[in-house]
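Below is one structure, written out as structure tokens; comments come after it.
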There are 2 protein chains.
Amino acid sequence: MTVDDIDRQLLAQLQQDATQSYAVLGQAVGLSAAATHERVRKLKASGVIRRTTIEVDPVALGRGVAAFVLLDASTWMGDEPTRRALTEIPAVEEAHIIAGPASVLVKVRTATTEDLQATLRALHQVDGVTSTQTVVVLESFFERQPTVM
Amino acid sequence: MTVDDIDRQLLAQLQQDATQSYAVLGQAVGLSAAATHERVRKLKASGVIRRTTIEVDPVALGRGVAAFVLLDASTWMGDEPTRRALTEIPAVEEAHIIAGPASVLVKVRTATTEDLQATLRALHQVDGVTSTQTVVVLESFFERQPTVM
DNA sequence: CCCCCAGCTGTATGTCATTCTGTTGACGAG
DNA sequence: CTCGTCAACAGAATGACATACAGCTGGGGG
């Protein structure tokens, strides 16, 4: 699908607030409510908009400690079992196969450093993992969504 | 604010799909539409729900290459000017001050590896940055929102 | 024992999403 | 040049839903 400039404006608006009406949304980009609705419908149908969701405050939910963990592996970890094992650890928010100093990079969020320790233990027990290296986040400047413009 | 089990169920549901009606949402947790509405209103008012937003497909928007970049610094980078400088680089999606092998960890997304190179150049020009170390993402297992349950 | 209040249900109303119909403008074929 | 086609849009209609309101209930404190 081709995403033109108006579409990007709509995406930017919806990233800010997905609850605004199509009338308001249309005014912001100079279109009628119906035309806006049609464009948003197509963006959803084509998968550019994956879903509309809520952004939660991690701290309020007991996930105030963030860290990145590098996993070294003795076997190839790019397969489904590894993915599933990592998915099942609730603290793991992202998992990536990387090129560089390790095999896998995961981002974790826990309530306390004790929970972080427990998560590291869980990561060690994932098949293939031989060692971990943890980078603790002291302060987050910002975490935002992909820039659309 | 105290977040009880029903609240967490609501949050989980809304993370999946923030467009469903309060009636449907209420059925999922065993409440009336009005009571559900009231709970969600409070979750928003208290900041547990920061906003409702859309999740976009990075690839469709020309951000198919992801990487993590470690920044080494000669000066303290925990202040506002650094934050602003990093915010202004569109490819930078996250920026964290870390404890460990470097001062700052940023996550970037670009269309191509050439754009990644351009972003690295931009990062080098941020005040205080002395060197960078880049970890390129080969494949993402998953990137999800904070687990609420 | 009674009062109070948070949290709930059911209902009413105004707003908005969604659909439909018709218009306009760009484009290609004849 | 003209006609036919199609995509994109505006405006109006209707049906669903958010939101507000009036009462009900059960538990905790005075």
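Just so we're on the same page: letters track the sequence lines, and every chain starts at 1. Quick caveat, the model's predicted, so the values are computed rather than measured.
A donor-acceptor pair is defined here as one N or O able to donate and one able to accept, closer than 3.5 Å; no such pair exists between the side chain of Arg51(B) and the backbone of Thr19(A). A donor-acceptor pair under 3.5 Å is absent between the side-chain atoms of Arg8(A) and the main chain of Met149(A), judged by distance alone. Judged by distance alone, the side chain of Arg83(A) and the main-chain N or O of Phe142(B) form no donor-acceptor pair under 3.5 Å. With hydrogens and angles disregarded, a donor-acceptor distance shorter than 3.5 Å links the side chain of Gln15(B) to the backbone of Pro146(B). Checking side-chain atoms of Asp79(B) against main-chain N and O of Pro81(B) turns up no donor-acceptor pair under 3.5 Å.
The stretch residues 29-53 of chain A comes close to DNA chain D through Leu31(A), Ser32(A), Ala34(A), Ala35(A), Arg39(A), Lys42(A), each having a heavy atom under 4.0 Å from the strand.
With rounding to whole Å, Met1(B) atom CE is found 13 Å from dA6(C) atom P. The nearest whole Å value for the distance from the OH atom in Tyr22(B) to the C1' atom in dA20(D) is 13 Å. Here the P atom of nucleotide dA6(C) and the CG atom of Asp4(B) are 16 Å apart, to the nearest Å. Between the CG atom of Leu25(B) and the C1' atom of dT19(D) there is a distance of 15 Å, given to the nearest Å.
Listed by chain and residue number, His37(A) satisfy the ring pair (Phe, Tyr, Trp, His ring centres under 6.0 Å) test with Tyr22(A) (two or more places apart in sequence, or in another chain).
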